[in-house]
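Computed from a predicted structure; not experimentally measured.
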Amino acid sequence: MNEEKDEEFPLIQLFEPVGCAVDLETGAISNATGAYQKRFRDLAGLYADEAAFAAMQGEWDDTVVYEVSEFRPNERSGDLIFGVTRMLPGKVGTEYFVTRGHIHRQSDRPEIYYGQKGRGLMLMESPDGEVRIVEIDAQTVCYVPPYWIHRSVNVGDDELVMLFCYPADSGQDYDCIAKAGGMRARIVDDGKGGWKQIDNPNWRMRDPATIAALYGEKKEETA
Ligand SMILES: O=P(O)(O)OC[C@H]1O[C@](O)(CO)[C@@H](O)[C@@H]1O
Ligand SMILES: [Fe+2]
């Protein structure tokens, strides 16, 4: 059968279909092609309260705060990467644990997340500073449209486990947040067992050229 296909469609490379079982306790998927972990010490600079971060370092530095188990068939346009992110609950000062956050390097690429366990948020920011928040509880799908910077936040007492899926050629740009002084909003404890959004006073509006670049606009070529 395959030989027939190879003769008739020599440019088509068929990949094998795969099923991946999600382990809610470990956040791992079976048949994963890769995994990575972010420890507390890798997350320096993300949180407003640097003194609180420093005070936690002795106890927390080696702890894996979040980890990703993924299936990445390839990075070709038209294909998909998917996997599971598992985040510990916790706070630095009053600020809930977050992922680094990024915009896709090909910024017009979207993403979906599906909550599996725990209580989380997707904190999103457009290149020109609009802020949106979508709550991600178990069995909630969050759509991150093209062009939105996105960062997950665990606002619960339990681990947050989410499935994600995005176009295989998206890539990630992690600098866009640091260059703006962080994301425009931070998610903190509201003192009543919940969360609230506060402004990040260090955030700076991006200049027009940076905004245009994040929207993927090419400069006019001059002759
Ligand atoms: O890549 P970051 O911003 O560290 O956060 C991890 C999350 O984002 C992803 O990179 C997917 O875009 C996942 O691995 C995970 O949900
Ligand atoms: Fe992403």
Side-chain angles (χ1 to χ4, degrees), residues 38 43 45-48 65-66 68 70 80-92 94-156 160-190 194-208 210-217:
K38 289 289 162 201
L43 306 174
L46 295 190
Y47 296 95
V65 174
Y66 70 95
V68 172
E70 67 173 21
L80 294 170
I81 294 169
F82 63 90
V84 166
T85 305
R86 183 182 72 97
M87 293 177 76
L88 290 191
K91 282 175 286 193
V92 175
T94 57
E95 192 174 356
Y96 286 106
F97 279 178
V98 295
T99 57
R100 289 170 296 172
H102 56 263
I103 191 168
H104 291 154
R105 195 162 289 285
Q106 300 226 54
S107 55
D108 63 351
R109 302 301 196 256
E111 184 158 354
I112 59 164
Y113 289 78
Y114 180 58
Q116 301 253 283
K117 177 183 166 187
R119 287 179 48 225
L121 303 179
M122 191 60 64
L123 173 61
M124 289 171 274
E125 178 180 310
S126 68
D128 47 347
E130 292 284 317
V131 175
R132 300 285 186 277
I133 292 171
V134 170
E135 294 188 78
I136 306 183
D137 295 328
Q139 294 181 294
T140 309
V141 180
C142 168
Y143 169 57
V144 178
Y147 305 113
W148 289 84
I149 297 162
H150 45 288
R151 158 178 283 171
S152 312
V153 189
N154 186 347
V155 293
L160 175 64
V161 179
M162 298 173 299
L163 180 124
F164 62 82
C165 182
Y166 60 97
D169 60 353
S170 302
Q172 281 93 4
D173 166 1
Y174 291 100
D175 281 347
C176 64
I177 295 178
K179 282 184 186 154
M183 287 186 76
R184 187 169 195 169
R186 294 191 179 276
I187 305 298
V188 298
D189 192 338
D190 68 355
W195 59 271
K196 64 180 181 183
Q197 168 188 348
I198 60 168
D199 284 340
N200 166 11
N202 294 330
W203 182 82
R204 300 176 295 274
M205 178 66 90
R206 296 174 180 87
D207 62 61
T210 303
I211 293 172
L214 290 176
Y215 281 127
E217 288 173 22

>> Looking at R119 and D137, would you say the former's side chain and the latter's main chain have a donor-acceptor pair under 3.5 Å?
In response: no

> What pair of heavy atoms forms the shortest contact from S152 to Y113, and how long is it?
Replying inline: OG-CE2, 4.3 Å

> Checking S170 side chain against P167 main chain: does a donor-acceptor pair fall under 3.5 Å?
Replying inline: yes

> Any donor and acceptor pair, going by atom type alone, linking the side chain of N200 with main-chain N or O of M183 inside 3.5 Å?
Replying inline: yes

>> Treating Q116 as the side-chain partner and L163 as the backbone partner, does any N or O pair qualify as donor plus acceptor under 3.5 Å?
In response: no

> Knowing that exactly one of L80, V144, I81, I112 qualifies, which makes a side-chain contact (heavy atoms from CB on, under 4.5 Å) with Y166?
Replying inline: I81

> Got a second to check how far C142's SG is from M122's CE, nearest 0.5 Å?
Replying inline: 5.0 Å

> What's the verdict on salt bridge (charged side-chain N to carboxylate O under 4.0 Å, His left out) for R184 and E125, showing C-alpha distance, side-chain angles and the deciding distance?
Replying inline: CA-CA 7 Å; R184 187 169 195 169; E125 178 180 310; over 6 Å; no

> Hey, what do you get for CD1 (I103) to CD1 (I149), rounding to the nearest 0.5 Å?
Replying inline: 5.0 Å

> Which is it for D108 and Y215 under the side-chain hydrogen bond (donor to acceptor under 3.5 Å, both in side chains) test, yes or no, and what are the steps along the way?
Replying inline: CA-CA 8 Å; D108 63 351; Y215 281 127; over 6 Å; no

>> Return the CE to CD1 distance between M205 and I211, rounded to the nearest 0.5 Å.
In response: 6.0 Å

> What distance separates T94 OG1 from I198 CD1, expressed to the nearest 0.5 Å?
Replying inline: 6.0 Å

>> So, taking the atom named OG1 in T140 and the one named OH in Y114, what distance separates them when rounded to the nearest 0.5 Å?
In response: 8.0 Å

>> Donor-acceptor pair, distance only, cut-off 3.5 Å: does the side chain of Y47 make one with the backbone of V98?
In response: yes

> Between the main-chain N or O of P127 and the side-chain N or O of R206, is there a donor-acceptor pair closer than 3.5 Å?
Replying inline: yes

>> If you compare all heavy atoms of V153 against all heavy atoms of Y96, which two are closest, and at what distance to 0.1 Å?
In response: CG1-CB, 3.6 Å

> Is the F164 to F82 ring centre distance short of 6.0 Å?
Replying inline: no

>> Restricting to non-hydrogen atoms, name the atom on N154 and the atom on M87 that form the minimum distance, rounded to 0.1 Å.
In response: ND2-O, 3.2 Å

> How many angstroms lie between atom OG1 of T85 and atom NZ of K38, to the nearest 0.5 angstrom?
Replying inline: 12.5 Å

>> Using a 3.5 Å distance criterion without hydrogens, assess whether the side chain of H102 forms a donor-acceptor pair with backbone atoms of R100.
In response: no

>> Show the nearest heavy-atom pair for residues I136 and L160, with the distance to one decimal.
In response: O-CD1, 4.1 Å

> Are K91 and D189 ion-paired here, with the side-chain N under 4.0 Å from a carboxylate O?
Replying inline: yes

> Within the side chain of Q139, is there an N or O that forms a donor-acceptor pair under 3.5 Å with the backbone of G115?
Replying inline: no

> With distance as the sole test, does D173 use its side chain to make a donor-acceptor pair with the main-chain N or O of R105 at under 3.5 Å?
Replying inline: no

> What heavy-atom pair brings P110 and P146 nearest, and what distance separates the two atoms?
Replying inline: CB-CD, 3.9 Å

> Do the charged groups of R109 and E111 touch, with an N to O distance under 4.0 Å?
Replying inline: no

> Between L121 and E135, which heavy-atom pair has the shortest distance, and what is it?
Replying inline: CD2-CG, 3.6 Å

